[in-house]
Amino acid sequence: MQGNLLYAQSGGVTAVINASACAVIETARKHKVRVLAARNGIIGALREELIDTSKESASAIAALRHTPGGAFGSCRFKLKSIEQNRAQYERLIDVFRAHDIRWFLYNGGNDSADTANKISQIGKALGHDVTVVGVPKTVDNDLAVTDCCPGFGSVAKYTAVSVLEASLDVASMAESSTKVFVMEVMGRHAGWIAAAAGLAGKSADEAPHIILFPEIPFDEAGFLARVKATVERVGWCTVVVSEGVRNKEGRFLSEVGTRDAFGHAQLGGVAPLLADLVKRNLGYKYHWALPDYLQRSARHIASKTDVEHAYAVGKAGVEYALAGKNAVMPVIVRTGDAPYRWKIEAAPLGKVANHEKTLPKSFIRRDGYGITEAARRYLEPLIRGEEAPPSGKDGLPKYVRLKNVAVKKKLPAYAIDG
Ligand code: F6P
């Protein structure tokens with residue numbers, strides 16, 4: 001086929017976004033299409049910082065399937081509307097034209113779907129036809145239309161496993177030492193990751209005893225009463241708190257004070273805050289954990305289902321693009337819970353862009369502190385199976401670092417003005 005395919009990663013990376021990259025490059029190679037990758041997402045496309053993936057061996061590309069992080073670099077960068085900054089779109093199309101980019105695949109979350117959607121509308125108008133496809137990813141699991149998001153299954157597994165393991169530790173220490181363990185998880189506005197922690201416990205008194213969701217306003221007195229009752233009944237208490245928990249006035253408990261290019265507040269630090277609240281009011285000794293980037297990079301404990309999803313959307317993305325399906329995203333459609341079955345379908349990018357899917361009411365227990373059977377049915381298949389990375393003689397996983405050979409620039413330098 002004539003022309004090159006441009007692939008770019010965007011937003012917070014995941015343990016499996018490179019599995020999508022692997023699928024994109026392997027599938028394009030099968031069709032004899034060269035893949036260029038943008039360095040640091042759309043920023044690299046604007047700066048004409050492109051990487052020639054044809055310089056990488058088949059084994060290096062295959063190893064992307066089990067390597068976390070974003071192999072080409074990612075970005076938090078929002079394109080303005082065409083009316084506000086037409087020059088930015090013209091520059092992109094100039095870069096596409098200069099490097100004969102006929103297909104553009106943007107691998108990201110809902111903000112990135114918006115960016116991809118905007119670009120999909122402009123190519124023809126600016127005289128260079130390009131087919132644009134969004135490839136889904138986000139640990140937050142908050143994309144509309146798709147049943148789940150690649151990246152989520154693995155963070156969900158890491159979270160459930162960590163809660164299970166740390167709770168065995170707390171239980172051992174509780175008689176004479178630690179009585180409360182608080183773990184904070186990601187998921188800005190949606191409680192999907194917090195809900196996944198619930199998979200660790202199957203019966204009433206198993207950890208986690210308390211889950212705090214961003215969907216439920218924080219009630220300090222109710223929380224403290226529950227911690228006390230749990231410690232008195234069970235002997236100890238594990239709390240899982242979403243970084244996105246808000247007070248009754250709607251303010252994040254953990255806002256750090258900085259915002260990214262999309263206007264999102266940077267969150268983090270609600271676990272120590274709650275632990276301190278417990279200590280001051282109830283006197284219990286505590287430990288707290290903030291896995292932060294550990295949770296979204298933990299490829300060693302990735303879910304096999306998630307790896308398979310990530311690969312499938314990358315493969316379908318290329319197939320859709322080469323078939324000329326513009327402004328679509330391959331999404332995961334669940335066709336059965338037990339046994340778990342799924343397939344990939346194309347959804348319009350416009351339906352995914354800028355929407356945020358929060359946890360349905362039916363997934364949160366009526367008391368607001370745990371998950372329901374419906375949530376369990378949804379979540380369980382997503383953390384199933386392992387596809388562990390190969391291990392080296394040094395005992396560490398064998399992750400790949402690509403050569404990332406730069407494509408020679410053809411255009412004048414370009415300064416990004418935000
Ligand atoms: O991409 C989603 C996410 O992992 C959120 O859950 C988290 O709040 C955020 O990214 C962190 O973003 P950054 O890495 O840009 O600070």
Side-chain angles (χ1 to χ4, degrees), residues 8-18 20-21 40-43 68-78 106-116 134-144 146 148-159 162 183-197 211-215 240-246 251-271 273 289-299 302 306 309-310 313 329 352-359 382 418:
Q9 300 177 322
S10 176
V13 293
T14 77
V16 301
I17 187 171
N18 283 335
S20 296
N40 301 318
I42 205 73
I43 294 177
F72 308 109
S74 187
C75 68
R76 296 266 184 213
F77 184 84
K78 196 175 176 77
Y106 207 31
N107 199 172
N110 38 26
D111 294 319
S112 318
D114 176 61
T115 302
V135 179
K137 77 84 225 176
T138 174
V139 294
D140 290 351
N141 203 38
D142 59 357
L143 294 188
T146 188
C148 63
C149 305
F152 171 66
S154 294
V155 77
K157 186 173 180 109
Y158 174 91
T159 301
S162 302
M183 175 160 146
E184 175 173 335
V185 297
M186 283 182 165
R188 235 172 334 224
H189 303 132
W192 295 99
I193 305 177
I211 303 178
L212 300 174
F213 301 98
E215 287 83 358
V240 172
V241 57
S242 167
E243 63 176 4
V245 161
R246 294 165 191 255
R251 276 191 64 80
F252 289 118
L253 263 54
S254 71
E255 197 157 328
V256 171
T258 48
R259 285 185 182 264
D260 68 15
F262 294 98
H264 303 310
Q266 186 179 350
L267 304 178
V270 67
L273 203 134
L290 207 176
D292 198 76
Y293 275 13
L294 301 182
Q295 70 200 285
R296 72 179 202 201
S297 61
R299 181 59 186 80
D306 192 32
H309 285 161
V313 293
M329 177 179 269
V352 183
N354 294 324
H355 297 290
E356 248 174 353
K357 188 169 72 183
T358 52
L359 212 54
L382 306 184

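In listed order, ligands and their atoms are each counted from 1.
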From the options M186, H189, R76, select the one whose nearest heavy atom is closest to atom 9 (C) of ligand 1. R76
Taking the side chain from [X] and the backbone from [Y], do they hold a donor-acceptor pair closer than 3.5 Å?
X    : Y    : answer
K157 : A196 : no
S74  : G11  : yes
N141 : C149 : yes

Ligand-side contact atoms (ligand 1) for residue partner [X], heavy atom cut-off under 4.0 Å:
X    : result
E243 : 5 (C), 6 (O), 7 (C), 8 (O)
G12  : 1 (O)
V139 : 4 (O)
Y293 : 13 (P), 14 (O), 16 (O)

Residues which pass side-chain hydrogen bond (donor to acceptor under 3.5 Å, both in side chains) with D292, listed by chain and number, not counting sequence neighbours: none
Would G11 count as a contact residue for ligand 1, given that I'm defining contact as a non-hydrogen atom of the residue lying under 4.0 Å from a ligand atom? no
Carboxylate-amine/guanidinium proximity below 4.0 Å for K78 and D114: yes
Tell me whether the rings of H189 and F252 are parallel (<30°), tilted (30 to 60°) or perpendicular (>60°). parallel
Does any N or O of ligand 1 fall below 3.5 Å from an N or O anywhere on T138, backbone included? no
